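Just so we're on the same page: letters track the sequence lines, and every chain starts at 1. Below, each value reflects all heavy atoms present in this structure, side chains not excepted, and no hydrogens, waters or symmetry copies. All of these numbers come straight from a predicted model, not from anything done at the bench.
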Amino acid sequence: MGDSVDNIPGVPKVGPKTAAKWLQQYGSLDNIIARADEVKGKIGENLRACLDQLPLSRKLTTISCDIPLDISLADLKKRPMDNSAMRELLQELGFSAWLNMLDNEDSSAGETRQQPEQLPRNYEMLLEQERFDVWRERLQQAELFAFDTETTSLDYSQAEIVGISFAVEAGSAAYVPLAHDYPDVPEQLNRDDILRQLRPLLEDPGKAKLGQNLKYDANVLANYDIELRGIAHDTMLESYVYNSVATKHNMDDMAKKYLHLETIHYEDVAGKGAKQISFREVPLEQAAPYAAEDADITLRLHQVLWPKLQENERLRQLYLDFEVPLVPVLSRVERNGVLLDVGMLAQQSRELARQIKDIEQHAHEIAGQSFNLGSPKQIQAILYDQLSLPVLKKTPGGQPSTAESVLQELALDYPLPKLILEYRGMSKLKSTYTDKLPRQVNKKTGRVHTSYHQAVTATGRLSSSDPNLQNIPVRTEEGRRIRKAFVAPPGCRLLAADYSQIELRIMAHLSDDQGLLKAFSEGRDIHSATAAEVFQVAEEQVTQDLRRSAKAINFGLIYGMSAFGLARQLGLTRSQAQSYIDLYFARYPGVKNYMDNIRETARQQGYVETLFGRRLYLPEIKSRNAARRQYAERTAINAPMQGTAADIIKRAMIAADAWLQKDQPDGKMIMQVHDELVFEFAESDLESCRASIGRIMSSAADLKVPLVVDIGVGKNWDEAH
DNA sequence: GTGGCGTCC
DNA sequence: CAGAGGGACGCCACT
């Protein structure tokens, strides 16, 4: 720790999340300082000391919050904290993400500090068949009803249903406890019996259902052989499509933002941490209000969000044609799961363990002492303090970096960095993949079942977790061995289909650049074509090196990279890199034009859109802080391309699923990796399926360039590429 | 809980 | 004049 302003000794660390929480709680930095002593000991004092010693307009990083503060504390105190000034200030401080300023109701001001309303509620607990019959009839008659399952686990494959709640109109909801279990628990309706009675309703596609993250409920119901149909609305997706970044899309946060209601949290009834109990053990008198409220709030959220979506035709279409239909598709993909060769992974773990041990021994000999190769801190001490290697780069925290690029450079001159790199690679493979994946195989199905998240990314992509199947290694030979453990069952083959250069094709489409469009239309290798244009040689004369440079330029552009970044990547001087970029823009003026336009569009309307109208709000595009503004500008450039690609593959998934259901019921869609879909087909069907999948994916969008799909088949995922 | 690092597209 | 590549998830060390 140094003694500069950004590292004041004795000031306890305050992470961005804590800082954000305080800001939300207390309204301004000023109030935090006034109140912080009460809540956090001496932090308030230290905060004040920290801020008071700042010169006017001094740019600094406050504590470790990474808050660039362009104004002094005196300035801050002078400001009247009305709603708009507060919003502006928060944005300056870099807390726009928590500002709730993205909502279109923004202009209606004055509601951020609104008191929670009293929630009118008429909640009923159903313990007798007669009352359940009344409610079932209500559901039967309702145009739309909300429901929610309470279960024993967040993991759908482990989850048992404990109860179900319903709502048909705001303020009125019912909870049906079915499997609560604790001493002296009241007698409840029989679960199997009730599910049997509900089944026709839940499976009827004509009966419209509403829920919060219905994919989860669909998966849980599937454990009871109930195929949920008639998914009409999902509040999580409504919120996501309406504004992907204004709030997290869980019910508690959404209720706060859109209903100004404080809800009963899961932790309130089940406790948290080690003391958390299963919902099964939650007493009925607590469970019923919680569960009924879930259904009620879902309905109320829908009543607020659905009209908002209907105001914008493109958002409405995106929601109805992409996101909602994707829910049952993802549910099936997850439940299909992927077969793993666990024996193969176990063998790899053993080999890695042996190699890791050898490297450790060797490294300790070189260092002359024992240390933890997995600790960046210890490595830092050994490399820079003890062995006095040159410091090439520092982390944002001011410490000498031990990141891969740095070690690679050092590895040219010293032996230890190379060993550290090898160690990192191997321990990563072992801990994250070969050790972990086999433990995530479901005992009942013998396969791994990931969860896809539909409302996480800012751009519209899916994400995957538990396990994350979207970051399985592919780059190195050792890494690819893990893909060989993703296998097809006997008699089947995996079919992997990926969109070729989809983001660059989208860039061609969006920018309408004639050169780029022509290159794609002629089916040329885009990186070679770019190299030929930029370096002004015939395409046959493009060397691997030139192609590599062109590829870096192409991808760099998609991400909004600067000359500095390109120079670093290609090992050029900055001016060389700049001249490449200039040449590129000279050759592809449409691209240059597009990038300038999209920045301007973002500034003017405050958001950017994908081809299908998905929006990403970028409030920081107008930030006076250059770093934040430029970050927003890069996002403005990247999001339409990344997001359009996400839209297209979602549409392809919906179409592929429909085709599977109709024509190939034995075939399975088993994975999505952003621009790739993986299927499992019987060997005998392989060739016809290959043609069908190719057709379905290529026609998922009609761009000015062809959507080329590369398809491979094999007994394992690696082979299928 | 946070930061650093590493895996993917 | 600093900072200079988009989007994710997971593991580990450390506090």
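When each of B:dT7, C:dA4, B:dC8 is scored by its nearest atom to the side-chain atoms of A:R574, the top-ranked nucleotide is C:dA4. Counting only heavy atoms from C-beta on, A:S463 has its side chain closest to C:dA8 among C:dA8, C:dC11, C:dA4. Residue A:P473 places its side chain closer to B:dC8 than to any other of B:dC8, C:dA4, C:dG7.
Remark: the separation of the P atoms in B:dG4 and C:dA4 is 14 Å, to the nearest Å.
Between the CE atom of A:M561 and the P atom of C:dG7 there is a distance of 15 Å, rounded to whole Å. For the pair A:R505 CZ and B:dC9 C1', the computed distance is 16 Å after rounding to whole Å. Between A:E503 atom CD and C:dG6 atom C1' the separation is 8 Å, expressed in whole Å. One atom, OH of A:Y240, and another, P of C:dA8, lie 8 Å apart when rounded to the nearest Å. Taking atom CG on A:L437 and atom P on C:dC11, their separation rounds to 10 Å, with Å as the unit. Look at NE2 on A:H674: it is 16 Å from P on C:dG6, rounded to the nearest Å. C:dA8 atom P lies 7 Å from atom CD of A:Q642, rounded to whole Å. Counting to the nearest Å, the C1' atom of B:dC8 and the CG atom of A:D498 are 13 Å from each other.
With hydrogens and angles ignored, no donor-acceptor pair under 3.5 angstrom links the side chain of A:R475 to the base of B:dC8. For A:R424 against B:dG6, no side-chain N or O and base N or O form a donor-acceptor pair under 3.5 Å.
If you check every strand for non-hydrogen atoms under 4.0 Å, A:I558 touches nothing. Nucleic acid contact class of A:S427 (heavy atoms, under 4.0 Å, all strands): none. Backbone-only contact: A:R634 has heavy atoms under 4.0 Å from sugar-phosphate atoms and none from a base. Residue contacts shown for A:Y631 are limited to sugar-phosphate atoms, with no base heavy atom under 4.0 Å away. As judged by a 4.0 angstrom heavy-atom cut-off over every strand, A:A563 is placed among residues making no nucleic acid contact.
Using modelled atom types, one finds a donor on one side chain and an acceptor on the other under 3.5 Å when comparing A:Q454 with A:E323. Inspection of the A:S464 and A:T450 side chains reveals an N or O donor paired with an N or O acceptor under 3.5 Å. Neither side chain, A:D466 nor A:Q440, offers a donor N or O lying under 3.5 Å from an acceptor on the other.
A:H249 and A:Y240 have perpendicular rings, their planes meeting at more than 60° on a 0 to 90° scale where under 30° would count as parallel.
Using a 4.0 Å cut-off, no side-chain N or O of A:Y423 falls inside it from OP1 or OP2 of B:dC5. Distances shown here put every side-chain N or O of A:Q672 at or beyond 4.0 Å from the OP1 or OP2 atom of B:dC9. Distances shorter than 4.0 Å separate some side-chain N or O of A:K436 from OP1 or OP2 on C:dC11. For C:dC9, neither phosphate oxygen OP1 nor OP2 lies less than 4.0 angstrom from any side-chain nitrogen or oxygen of A:S465. When the side-chain nitrogen and oxygen atoms of A:N372 are compared with OP1 and OP2 of C:dA13, one or more of them lie within a distance under 4.0 Å.
For the pair A:R615 and A:Y607, the cation sits on the ring face: its NZ or CZ lies under 6.0 Å from the ring centre, inside 45° of the axis.
The aromatic ring centres of A:Y580 and A:Y584 sit 6.0 Å or more apart.
Comparing A:D466 and A:T459 along DNA chain C, the residue whose closest nucleotide (by nearest heavy atom) sits nearer the 5' end is A:T459.
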